[in-house]
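Okay, structure first, notes after.
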Amino acid sequence: MTNEAPLHNHFIRQIVAEDRASGKHGGAVATRFPPEPNGYLHIGHAKSICLNFGIAEEFGGRCNLRFDDTNPTKEDIEYVESIQQDVRWLGFEWNELRHASDYFEVFYRCAEKLIRDGKAFVCDLSAEEVRAYRGTLTEAGRNSPFRDRSVEENLDLLQRMRAGEFPDGARTVRVKIDMSSGNINLRDPAIYRIRHVEHQNTGNAWCIYPMYDYAHCISDAVEGITHSLCTLEFEDHRPLYEWCLREIDLPNHPELVAGLAERGLGAQPSTPQQIEFSRLNLDFTVMSKRKLMTLVEEKLVDGWDDPRMPTLSGVRRRGFPPRAIRLLCERIGVTKQNSVIEFSVLEGCVREELDANAARRLAVIDPLKLVIDNLPEGHGETLTFSNHPKNEAFGTRAVPFSRELWIEREDFMEVPPKGFHRLVPGGEVRLRGVGIVKCERLEKDADGTVTAVHCSLDAETRPGLAGADRKVKGTIHWVSAAHAVAAEIRLYDRLFNVADPDDDSDGKTYRDHLNPDSKRVVQGWVEPAAAGAAAETAFQFERLGFFVADRYDHSAGKPVFNRAVTLRDSWAKAGKG
RNA sequence: UGGGAGAUCGUCUAACGGUAGGACAACGGACUCUGACUCCGUUUAUCUAGGUUCGAAUCCUAGUCUCCCAGCCA
């Protein structure tokens, strides 16, 4: 994968570069992207994906995709499939695909070791009791009355937990750290809980499942991860991450990972370093899985891949190219500061990418008939248009032209404001690639609405002729009415109409801020060379914006285009459009 | 009143004791057969108060503000 954006020398790059230079981890660099398969990936994940895969790639290391599937009550195979597809779509390929559940036996042996070492115990306290014993932010907690069970009893109980002798919630395994720690994560956290639930990967082999903090650090170590990159909210967990790795000491206890190799799961245990960075947030967007899930379940959007969703499958369907997402992730940098990226930065990345890489086409989304009266009835020609104004490699295409055209309704005004460069009664405008036409007369319906404009074409201004250079203030786009293909055009706008939909301090929630105009479907006309495009082909419809042929609904006979983003429009911005 | 982290243009982000720079946004202009692209220009920032130093965004002291943590979630 290439990334032409200038690289930030951000703090994680610096740490990795220094570690490699100093020979830490034998100079190896290994990262992982560890999603929990309980939802679809979104742009926030893209930052982590680009960082983890990007760092590995830059430093000649490796990056695994690892499903953090330690909680079968929330996870689903649908998500593990979508996640793989999204990572690949973004442009990355993992070194190995792993699951935390691949290591369930390792976790279990580690728990036995901790018990034997007197570092863990089986606790019979209920969830409510544990909460009461934990203390508060300002008060120390108290030791569990089960904390001093003998090693033998603990080992027996652990084995019986695994054997399924106890109901859900009856017992947990907890590590012994410090119930008076100011860091609540260190107050004898649970590492195992009982859940008589089938697991999407291990079936009914287990009824005890490890907790995140415990499973994650061991998984990292097993995979030989050197730099374990995660988001800021795990900062407080780092002491626990380090405690587990230190007490378990995987690199010096190969018996704990025995059996993995036979299953094709190579293990070269490391002592990884956890490094935290801030999440990517976008304004006018919600990014929490819970809220995205609600939008889908309550049908406030048309599914996980609705083009208005910040999911990767959503932005894909919207027409945002993967390179634009990668550009965004590089452009925003990596720091530990909480931040909110303006949506315009994302749009800028999309425009930059598509301007360079999308072929141009003509399309009209709000049609008004234009008749060239001085062309004979039935007149037809085929014009040659270049596909890209600045890149000849895009080649040319044939565009049919005839006497009756569709133009954009907003490109004609009977009573124009000052500065209007388009068509007005008696005025002239250039028809893109055709020549200069003059508006001679109008047709109107009973309401006075203009139904057609009649023009005369100045034959001297056809391309290639001397008169073609004559200056006229505006150029408008068009399609031939007889040849254009009717198309469904989906015009998308931001899903929320406030910058911070998560802010509920005024009693309103994100649901109250949904933009009712976030999706508009119109019938328009596209030139034949657009209609026949393959699904997911992106075009610039000249003067309108960047559009993509819908991934699922588009066909040559029944074209469907989604608007990814408009063109920057200084006329509209001036309040004139 | 506990623990952890962070404060630099509107928004991101650089600087690692030596000219506060870049990107995006905004605004103005040039160019233009896309009111796009491109190009040029302009505006705007070191949380506060002290201190150290020839020199402080950077070091020290004291504050202020913001974010995260009391799941048998991740």
Side-chain angles (χ1 to χ4, degrees), chain A residues 5-6 8-10 14 34-36 38 68 70-71 73-75 123 125-127 130-131 134-141 168-174 180-187 189-195 208-209 211-213 215-216 230-239 276 278 283 289 331-349 351-352 355-356 360 362 389-390 419-422 429-436 461 463 468-469 471-477 540-545 566-574 576-577:
Chain A
H8 277 273
N9 189 26
H10 57 66
Q14 291 180 35
E36 182 188 13
N38 68 344
D68 224 330
T70 56
N71 185 355
T73 60
K74 299 168 66 178
E75 296 152 9
C123 184
L125 255 24
S126 69
V130 167
R131 195 177 314 126
R134 185 154 37 224
T136 68
L137 291 179
T138 53
E139 297 163 33
D168 286 4
R171 294 178 214 264
T172 56
V173 179
R174 299 171 67 185
S180 66
S181 173
N183 182 343
I184 290 176
N185 295 299
L186 265 23
R187 318 246 261 229
I191 61 170
Y192 268 104
R193 73 289 218 182
I194 301 173
R195 288 275 183 283
I208 56 173
Y209 292 97
M211 301 289 293
Y212 164 82
D213 288 297
H216 199 85
C230 64
T231 44
L232 252 26
E233 67 272 26
F234 294 105
E235 245 162 351
D236 301 355
H237 297 238
R238 192 181 341 123
E276 311 85 14
S278 60
D283 61 6
K289 279 188 185 174
R331 189 164 280 178
I332 61 177
V334 179
T335 67
K336 297 182 70 127
Q337 300 177 38
N338 288 309
S339 61
V340 181
I341 307 298
E342 291 178 345
F343 203 82
S344 61
V345 178
L346 206 206
E347 289 181 329
C349 291
R351 289 195 182 106
E352 191 170 315
D355 182 63
R360 311 289 120 125
L362 298 180
K390 287 186 299 195
F420 189 73
H421 287 179
R422 285 105 100 150
V429 77
R430 186 183 302 277
L431 286 179
R432 179 85 163 136
V434 172
I436 295 171
T461 61
D469 291 335
K471 298 297 176 199
V472 63
K473 56 189 175 179
T475 298
I476 65 174
H477 60 276
Q540 182 192 111
F541 288 166
E542 293 202 25
R543 303 210 308 131
L544 294 175
T566 61
L567 256 28
R568 203 178 262 107
D569 185 346
S570 56
W571 172 247
K573 198 154 54 184
K576 304 296 182 61

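So you know, we letter chains A, B, ... as the sequences are listed, proteins then strands, and number each from 1. Note that this is a predicted model, so its numbers are computed, not measured.
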Hey, does [X] reach any base, or is it just sugar-phosphate, or nothing, if we go heavy atoms under 4.0 Å?
{"X": "P389(A)", "result": "base"}
{"X": "V472(A)", "result": "nothing"}
{"X": "K473(A)", "result": "nothing"}
{"X": "R432(A)", "result": "base"}
{"X": "H216(A)", "result": "nothing"}
{"X": "T70(A)", "result": "sugar-phosphate"}
{"X": "R131(A)", "result": "sugar-phosphate"}
{"X": "F343(A)", "result": "nothing"}
{"X": "P239(A)", "result": "nothing"}
{"X": "S339(A)", "result": "sugar-phosphate"}
{"X": "S570(A)", "result": "sugar-phosphate"}
{"X": "Q540(A)", "result": "base"}
{"X": "S278(A)", "result": "nothing"}
{"X": "G419(A)", "result": "base"}

Between the protein and nucleotides 24-30 of chain B, which nitrogen or oxygen pairs come in under 3.5 angstrom?
{"from": "A25(B)", "atom 1": "OP1", "to": "R568(A)", "atom 2": "NH2", "distance (Å)": "2.1"}
{"from": "A26(B)", "atom 1": "OP1", "to": "K573(A)", "atom 2": "NZ", "distance (Å)": "3.0"}

Mapping A170(A) and R430(A) onto RNA chain B by nearest heavy atom, which one lands closer to the 5' end? R430(A)
Quick one: on RNA chain B, does G169(A) or N183(A) contact a more 5' nucleotide (nearest heavy atom)? N183(A)
Does any nucleotide pair with [N] by Watson-Crick or G-U wobble geometry, both distances under 3.5 Å, and what is it?
{"N": "U52(B)", "value": "none"}
{"N": "U46(B)", "value": "none"}
{"N": "A5(B)", "value": "U66(B)"}
{"N": "A20(B)", "value": "none"}
{"N": "G41(B)", "value": "C27(B)"}
{"N": "C72(B)", "value": "none"}

Consider the side chain of [X], meaning its heavy atoms from C-beta on, and name the nucleotide among [options] that approaches it most closely.
{"X": "L567(A)", "options": "U34(B), C12(B), C69(B)", "result": "U34(B)"}
{"X": "D355(A)", "options": "C37(B), A14(B), A5(B)", "result": "C37(B)"}
{"X": "K390(A)", "options": "C72(B), U38(B), A70(B)", "result": "U38(B)"}
{"X": "Q14(A)", "options": "C73(B), A15(B), C72(B)", "result": "A15(B)"}
{"X": "R193(A)", "options": "C16(B), G35(B), C73(B)", "result": "C73(B)"}
{"X": "K471(A)", "options": "U34(B), A15(B), C33(B)", "result": "C33(B)"}
{"X": "T136(A)", "options": "A70(B), U13(B), C72(B)", "result": "A70(B)"}
{"X": "L137(A)", "options": "G6(B), G71(B), G2(B)", "result": "G2(B)"}
{"X": "M211(A)", "options": "G2(B), G71(B), U34(B)", "result": "G71(B)"}

What's the verdict on salt bridge (Lys or Arg N to Asp or Glu O under 4.0 Å) for D355(A) and R360(A), showing C-alpha distance, side-chain angles and the deciding distance? CA-CA 9 Å; D355(A) 182 63; R360(A) 311 289 120 125; 3.4 Å; yes
Between [N] and [M], how many Å separate the two [atom1] atoms, rounded to a whole number?
{"N": "A57(B)", "M": "U8(B)", "atom1": "P", "value": "15 Å"}
{"N": "G21(B)", "M": "C9(B)", "atom1": "C1'", "value": "12 Å"}
{"N": "C39(B)", "M": "C24(B)", "atom1": "P", "value": "9 Å"}
{"N": "U58(B)", "M": "G17(B)", "atom1": "C1'", "value": "7 Å"}

Rounded to whole angstrom units, what separation is found between the [atom1] atom of [X] and the [atom2] atom of [N]?
{"X": "E235(A)", "N": "G2(B)", "atom1": "CD", "atom2": "C1'", "result": "17 Å"}
{"X": "H421(A)", "N": "G35(B)", "atom1": "NE2", "atom2": "C1'", "result": "7 Å"}
{"X": "I341(A)", "N": "U13(B)", "atom1": "CD1", "atom2": "P", "result": "6 Å"}
{"X": "K74(A)", "N": "C72(B)", "atom1": "NZ", "atom2": "P", "result": "13 Å"}
{"X": "H477(A)", "N": "G35(B)", "atom1": "NE2", "atom2": "C1'", "result": "13 Å"}

Considering just the side-chain nitrogens and oxygens of [X], establish if one lies under 4.0 Å of OP1 or OP2 belonging to [N].
{"X": "R134(A)", "N": "G71(B)", "value": "yes"}
{"X": "R543(A)", "N": "G35(B)", "value": "yes"}
{"X": "R195(A)", "N": "C73(B)", "value": "yes"}

Please confirm whether the backbone N or O of [Y] pairs with a side-chain atom of [X], one donor and one acceptor, at under 3.5 Å?
{"X": "T172(A)", "Y": "R174(A)", "result": "no"}
{"X": "R187(A)", "Y": "R134(A)", "result": "yes"}
{"X": "R568(A)", "Y": "G348(A)", "result": "no"}
{"X": "E75(A)", "Y": "N71(A)", "result": "yes"}
{"X": "T70(A)", "Y": "Y212(A)", "result": "no"}

Using a cut-off of under 3.5 Å, enumerate the N/O to N/O pairs linking the protein to nucleotides 66-68 of chain B.
{"from": "C67(B)", "atom 1": "O2'", "to": "N338(A)", "atom 2": "ND2", "distance (Å)": "3.3"}

Any side-chain donor near an acceptor of the partner, Q337(A) and S339(A), under 3.5 Å: no
Hey, does [Y] have a side-chain heavy atom less than 4.5 Å from the side chain of [X]?
{"X": "N338(A)", "Y": "L232(A)", "answer": "yes"}
{"X": "I436(A)", "Y": "V429(A)", "answer": "no"}
{"X": "Q14(A)", "Y": "N9(A)", "answer": "yes"}
{"X": "P189(A)", "Y": "M211(A)", "answer": "no"}

Where does G71(B) land, syn or anti, once you apply the within-90°-of-0 test for syn? syn
Relative to the ring of W571(A), is the ring of H421(A) parallel (under 30°), tilted (30 to 60°) or perpendicular (over 60°)? parallel
Where do R351(A) and L567(A) come nearest, in terms of heavy atoms and distance? NE-C, 4.0 Å
Between V130(A) and L125(A) the two heavy atoms that sit nearest each other are CG2-CB, 3.7 Å
Test for a donor-acceptor pair under 3.5 Å between the base of U13(B) and the side chain of Q337(A), counting only N and O atoms. no
